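Shown next, in structure tokens, is the structure this report addresses.
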Amino acid sequence: MDHRGRIEAKQLTKRFNRKVEAVRGIDLDIAPGEIYGLIGPDGAGKTTTIRMLAGVMKPTAGVARVNGFDTSRDAERLRHDVGYMAQRFTLYGDLSVRENIEFYADIFGVRGAEREPQIARSLRFARLEQFQDRAADVLSGGMKKKLGLACALIHRPKVLFLDEPTNGVDPISRREFWDILSELHIRGVTIFVSTAYMDEAERCSRVGLMYQGKIISEGPPASLRKMVQGDLLAVQASDLPAAEAIIKRIDQVHEVQIYGDRLHVFVNDCPECRAQIEAALKAGGIDHIQIQAAIPRLEEAFISLVTHQG
Amino acid sequence: MLKSILNLAWKEILQLVRDRVLLLFLILIPGSLLFLIAESTGGGIRGIKFAVWDQERSAFSQELITAITNTSDFQLTDRAQSYAELQDLFNEGRVGAALIIPPTFSRDAFRPGSTASLGVIVDGSNEVVASSVIGALQGVVNDLTLAQWAGQGGARPTGIDLKIDVAFNPTLNIRWSTLTGQIAIITYLIVLVVAAVSFVRERELGTMEQLVVTPISRLELLFGKGLMAALIGLFNLVVLYLALHEIFQIPMHGSLALLLTLGMLFVVTEIGVGMLISLVTASQQQAILVVFLLAILEITFSGYLVPTENMPAFMQVFAAISPLQHFTTISRAIFLKGATFTMLLSHVIPLLLLATGTIGAAWVLFAKAAD
Amino acid sequence: MSIYRLWAILKKEFRHIWRDKRTLFLVTLSPALMLVTFSYLFAMQVTRVRLGVWDQDQSALSRRLIASLTADDKFVVLATPGDYDALRQAMMRGDINLGMVIPPGFQAQLIAGERAPLQAIADGSDAISLSRVLASFRERIAEFNPQVAPEVAPLNAPITLNIQAWYNRDLDSMIAMVPGLIPVVLILHSLAIALAIAREKELGSFETLVATPIRALEYLIGKLLPYIAYGLLSALIAILLALVWFGVPLRGSILTLIGYTLLYLFASLCESLFISGFLTSQGTAMRIILLLFFIPSFFLTGIILPVDTRSFMSRTASALLPATYFVTVTRGIFLKAAGVGQLVEPGVALFVLGVVPFALSLLTFRKQVD
């Protein structure tokens, strides 16, 4: 079986200092060409997972395989086929954009006739052509990330690992970044990306929800959305904390989330709940009530799933 | 305000404790260095290798050689038979001195009115050793001469009979001098680096912005970081004192309280200097290199290697404004001479001025730089 | 190993060093600056004695003694205490470092042809320079002695020393000191390389390198070579300074000197390379280099004080410092016209002191993020 472009993990575990278990035996099987998104709150273990899969950190137990090769024992064999972009800016600030890319091109053995064209392509691909002579540390956040991506792709890897690549980046740059990822996806590159942005997760083939070192749910974004139990009502009122307290006491309500200026209320199979909630709120002296049906998004699904874990 | 300063200092300490290598360093290195230098310089000028070309081979020439090797200053390693041999020995650096005893040595020495001439060759490429060799040999020869004269019932020597007492260090233990000076140097290094790196580190790692947006005021930031460095300085002083007193058995003639108080004054000055460096350099790397250079210059002028009054005039000026110089003198004076506060005023006052100067400058610069 | 990848790393490292002009200046020119400072300090030091005199005799002879002692500016009377307490106090304050007590009857005894006692109290808190102070003092007393009782035949010393100082006929301190200091001032480069490595780890760029095909050997050589090159540049400036400014004669071959300089840089940078493998912060790097290499170099290489060759500990420590061997080499080549033939031992030692840490670095290199 051709494992090219395939990412696997079996009981992958990482323990720090013999006490802290950052990743607790996770299993993964990602097919070639997929975009897999790993979502989770801070401290869930995403970065550690990616580091182990990319072969920059050794697991304490379990095994990870990319292209069929063990990432711990055969790490060096994977270097040419894997691209890795770390979470923080780890390129050379005092070198220019071009110099950074040239450096990685040389390190990855991109030479001879294809070197110049590949570097030019990289710059164009990452939309950094006009900035190629600028020092890397004076770039904006978005451009730094694009540079990181360009350097991770210079050797045209089959598999790409990205650790929160758009963290702290403005929305327009984020969109541009994902457009680039889409192009790669079309070319058949397997992409493993961790992100905290739910809207980005929607663009993945499959999503894995990670919480406290374990993957608690996995599947295409649509099916995950469906995993949310019950129907969703969006409730607006004058006094949200008080409203929350009142609504929680209602029987068929199994979850309430405060969401900015409204409450998201999850109810179980309850057509009359709408009226019930309205009545209860009015009885509690709360006014300016507005209740609407809403479609649960991945975000709600995630919060809901996580809450039920704990 | 005090609360936020303490909070900040606590955070800094936590960061420090987590950096395990640093912790190890703070405890182990001063101690081991102390020990190492103590070991190597404990004896002063001792065991200098020398060669002898004894052209007479008489009982008296052997007596001379024995007298020389009996002092712990010299060890006989080679007996040469020719000039060429001596040249080889010196060229290869195998001996530091050589003695050529002429064939008419004893005859000339004992005949009244004549003088025996001993050939002495010293390795001039190490001038310090060379001068001491000459001095030591002269001493041995003089003693031998006196003994001979006394034995032969010769004329009683007349003139001044010099008696020398050594105050504060009766056994002339060099270790006492070097180690008491080292308290100052080691404290200096540790505090200075911690302070110099404090601001630059945050800037480099990017955590500075986060600090600046917190409600903490500039003054509190300065004090918080300074407090941590001060605590480290204090800890260090205590550890070094204990090492000196308990392990090396150096008696403390002065007041520990005074040593620690003036030590803290010194620490505060160095924190000021460190912060100044921290504010004018762009990266940790630069800050550290500047600290390194400054450290070398200050150690040079500190009086640790060469006493201040022996320096050329223009260097004495630098010594006068060097906080390290003042504290080195202070720590030696308190430890070995039991000096009191009033006796040390000529060093305390400059230190006080330097402390206010550096901290003040750091404050002003920081207020500007934090924008 | 890929030359291609090595070349990429070398190019990058050179660029880093070149772009940071302030550091570049510090690292290249400082050794020369240090050389000037140290040499002047050590070589130009004069033994100045601050004298405190308690003249209990107050005679013509005692006054003549004091006058002859202080004839030049080397001895200065800064206190005239009236009792032992005052003398001691003056010494505690640091006003004087040598006290002289002339007992009553001093003149009378000397004129009568008897031995007259003279008491000197020296400040032992600075034991290092004490011997010089006392030697100076003894010398002057010995000079004064014959003048005291001219009728009595002075003690004729039947043994005189005929002294030759080889390689440095006039025992010029500068000539002796400068070659010995060159190794010490070049240690700055050990610091520079340690900082660069620690910095890379701190800023995180090492993490991205881990994900590349780069090998340990390429990484280490890529770090080592640029710093050897910069070290050589500083060394050449320092050597030039020694020859032109200080007028130190170069009796051996300049090529041999350069060859050994490279060997020395190799040894001291490899030791630093090895240690930095374990360091995570730049501050620690600095302190360790300063305390473990620089300061010991002053004491253990025999520049200021000769190494106590009887102590096992200091012999071992001294043997592990590349500077010790390079001092032998610089002194040998500058002053003793030594060639490779005479300097085989230091050469081999330096080679070993470089290769072993390098090999260890290679073996302990962890290509992963912790």
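Below, chain A is the first sequence line, B the second, and so on; all start at residue 1. Every value quoted in this text rests on a predicted model; they were computed, and no experiment measured them. Side-chain atoms are counted along with the backbone in the values below, which use heavy atoms only and exclude waters and symmetry mates.
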Given the options [options], which has more heavy-atom pairs under 4.5 Å with chain B than any of the others?
{"options": "C/V185, C/I121, C/L335", "answer": "C/I121"}
{"options": "C/V344, C/D20, C/T23, C/D123", "answer": "C/D123"}
{"options": "C/L118, C/V49, C/I175", "answer": "C/L118"}

Of the listed residues ([options]), which shares the most heavy-atom pairs with chain C below a 4.5 Å separation?
{"options": "B/T329, B/V166, B/V290, B/T340", "value": "B/V166"}
{"options": "B/D165, B/L345, B/L137", "value": "B/D165"}
{"options": "B/F335, B/F90, B/W176", "value": "B/F90"}
{"options": "B/I100, B/N169, B/V122", "value": "B/V122"}

Interchain contact, [X] with chain B, by part (heavy-atom threshold 4.5 Å):
{"X": "C/F137", "value": "side chain"}
{"X": "C/D95", "value": "neither"}
{"X": "C/M91", "value": "both"}
{"X": "C/L343", "value": "neither"}

If you look at every heavy atom in C/G124 and B/S177, which pair is closest and at what distance?
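Shortest heavy-atom separation between C/G124 and B/S177 comes out as O-OG, 3.7 Å.
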Go through the atoms of [X] and report whether side chain, backbone, both or neither lie under 4.5 Å from a heavy atom of chain C.
{"X": "B/F318", "result": "neither"}
{"X": "B/L344", "result": "neither"}
{"X": "B/M311", "result": "both"}
{"X": "B/L118", "result": "both"}
{"X": "B/F105", "result": "side chain"}
{"X": "B/L64", "result": "neither"}

Hey, could you give me the [atom1]/[atom2] distance between [X] and [Y], rounded to the nearest 0.5 Å?
{"X": "B/M343", "Y": "C/Q89", "atom1": "CE", "atom2": "CD", "answer": "4.0 Å"}
{"X": "B/T342", "Y": "C/M92", "atom1": "OG1", "atom2": "CE", "answer": "9.0 Å"}
{"X": "B/L86", "Y": "C/W166", "atom1": "CG", "atom2": "CH2", "answer": "5.5 Å"}
{"X": "B/I334", "Y": "C/S125", "atom1": "CD1", "atom2": "OG", "answer": "12.5 Å"}

Do you see a donor-acceptor pair shorter than 3.5 Å between the side chains of B/D88 and C/Q342?
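C/Q342 and B/D88 do not have a side-chain donor-acceptor pair below 3.5 Å.
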Could you walk me through whether B/L293 and C/M34 satisfy the side-chain contact (heavy atoms from CB on, under 4.5 Å) test, starting with their C-alpha distance in whole Å, then the side-chain angles of each, then the deciding distance to 0.1 Å, before giving a yes or no?
CA-CA 8 Å; B/L293 284 174; C/M34 276 194 262; 4.1 Å; yes
Measuring only between side-chain heavy atoms, which start at C-beta, is C/K336 closer than 4.5 Å to B/D123?
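Yes, side chains in contact.
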Does CD in C/E345 sit with more than 12 non-hydrogen atoms of other residues, nucleotides or ligands closer than 6.0 Å?
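It does not: C/E345 CD has 12 such atoms or fewer within range.
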